[in-house]
Amino acid sequence: MKLATFNINGIRSRLPALLAWLEREAPDVVCLQELKAPDAGFPEAEINRAGYGAIWHGQTSWNGVAILAKDAQPVETRRGLPGDPDDTHSRYIEAAVEGLLIGCLYLPNGNPQPGPKFDYKLAWFERLIAYAKKLLDSGHPVVLAGDYNVVPTDFDIYNPRSWLKDALLQPESRECYARLLKQGWTDALRVRFPDEQVFTFWDYFRQHWQRNSGLRIDHLLLNGQVAAMMRDAGVDRWVRGEPHASDHAPTWVVLDLEARAVNVKKTAVKKTAVKKTAVKKTAVKKTAVKKTAVKKTAVKKTAVKKTAARRSAA
DNA sequence: ATGTCCACTGGAAGTGGA
């Protein structure tokens, strides 16, 4: 299963780009952010025609999230992050697909900082951390995917210099992200590329795409069960290079949904193999001992012969 | 501070958000 997150930056104006990407990469599950469209403006028919079922939570002009599933209908399990009934932003939607629980989130940008928007970002983050803990405790295989609007470390940006005052790099933002991970989530892209810079966003300014001046802010967090299923991860960079592109590129993981069952089998096979090897080792050792014994006997025989020869010489 | 793009309002170009 290929599961992707993509900040589409306006689903109506990017619909051709979205459909082209779905056609070429055929992701099985897609988390979309920044629809920038009300519920009624979601292009349901076109997405269905492309072979995807969808659920969405829109909003006029800003925010908006959706989950698509190829040849399937996502089963909605939640819309809206718990913890603040007065929060009107459409930033969280969650569904079950193929036995996985998938949370699609669009974390507040938080600029300018400091200020009420940054406060809202941190408050939203705290709500996410609290809810993520509940998801972990649920025992389900869970993925939390989306635009986190956090550059986790200075390694996740081309050069932090001009972004030092930006909400995406603030120590408070990073501390929240680190605290979330510490609950037991795997940052899929960072685990897949431990020593490489990976970017998912290049803003429209100053030819940042052309210069590969990017940031890594779109993340797929996997709980333990799902992390064990991960086989690959990456970024569909070509999407960012297309005309009229979103400023983000689709970011994805490939999961082996059979991995758990297979792992159990593999472990059994390994145990048998280990036993066989052990038997072989013992056999090899025994043979070696015999050879040594034979050699020793030979040496002894030679020695005996020599002694016998000396004796007769004397 | 700047840079670019989207969507909305209102019926053009300005504004807010990112």
Around atom [atom1] of [X], are there more than 12 heavy atoms from other residues, nucleotides or ligands closer than 6.0 Å?
X: A:H140; atom1: NE2; answer: no
X: A:E98; atom1: CD; answer: no
X: A:E23; atom1: CD; answer: no

Item to check | Short side-chain to backbone donor-acceptor contact, A:R78 and A:A95, under 3.5 Å | outcome: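 Judged by distance alone, no pair lies under 3.5 Å.
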Just compare [options] and give me whichever is closest to any side-chain atom of [X].
X: A:N9; options: B:dA18, B:dC6, B:dC8; result: B:dC6
X: A:P38; options: B:dG16, B:dC8, B:dC5; result: B:dC8
X: A:E34; options: B:dA7, B:dC6, B:dA18; result: B:dA18
X: A:S13; options: B:dA18, B:dC8, B:dC6; result: B:dC6
X: A:Y204; options: B:dA18, B:dT4, B:dC8; result: B:dT4

Next on the checklist: When the C1' atoms of B:dA1 and B:dA12 are compared, how many Å lie between them, rounded to an integer?
Outcome noted: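 To the nearest whole Å, 27 Å.
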Checklist entry - Distance between the P atoms of B:dT15 and B:dG10, in whole angstroms? => result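 Each nucleotide's P atom is 14 Å from the other's.
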Rounding to an integer number of Å, can you tell me how far [X] [atom1] sits from [N] [atom2]?
X: A:N7; N: B:dC5; atom1: CG; atom2: C1'; value: 13 Å
X: A:Y120; N: B:dA18; atom1: OH; atom2: C1'; value: 14 Å
X: A:I8; N: B:dC6; atom1: CD1; atom2: C1'; value: 13 Å
X: A:R206; N: B:dT2; atom1: CZ; atom2: C1'; value: 7 Å
X: A:K165; N: B:dT2; atom1: NZ; atom2: C1'; value: 14 Å
X: A:L35; N: B:dG17; atom1: CG; atom2: P; value: 18 Å
X: A:R161; N: B:dA1; atom1: CZ; atom2: C1'; value: 14 Å
X: A:K36; N: B:dC6; atom1: NZ; atom2: C1'; value: 4 Å

Item to check | Toward the 5' end of DNA chain B, by each residue's nearest nucleotide, A:W62 or A:R12 | outcome: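 On the 5' side of the pair lies A:R12.
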Checklist entry - With nearest nucleotides of DNA chain B determined for A:P108 and A:S162 from heavy-atom distances, which residue corresponds to the more 5′ nucleotide? => result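 It is A:S162, whose closest nucleotide lies nearer the 5' terminus.
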Checklist entry - Base, sugar-phosphate, or nothing for A:F201, non-hydrogen atoms under 4.0 angstrom? => result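 Counting heavy atoms under 4.0 Å across all strands, no contact is made by A:F201.
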Checklist entry - When we call it a touch if two heavy atoms are under 4.0 Å apart, what does A:H244 touch: a base, just sugar-phosphate, or nothing? => result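 Sugar-phosphate, backbone atoms only, no base.
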Checklist entry - Are A:N7 and A:R14 linked by a side-chain donor-acceptor pair shorter than 3.5 Å? => result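 No.
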Checklist entry - Which nucleotide, in any strand shown, forms a Watson-Crick or G-U wobble pair with B:dG17, with both distances under 3.5 Å? => result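 Checking every strand shown, B:dG17 finds its partner in B:dC5, with both distances under 3.5 Å.
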Item to check | Nucleotide opposite B:dG10 in a Watson-Crick or G-U pair, distances under 3.5 Å | outcome: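 Base partner found: none.
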Item to check | A:Y177, A:W185, A:W124, A:F201 screened by ring-ring contact (aromatic ring centres under 6.0 Å, His included) with A:Y148, the one that passes | outcome: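 Going through A:Y177, A:W185, A:W124, A:F201 one by one, the ring-ring contact (aromatic ring centres under 6.0 Å, His included) with A:Y148 is satisfied by A:Y177 alone.
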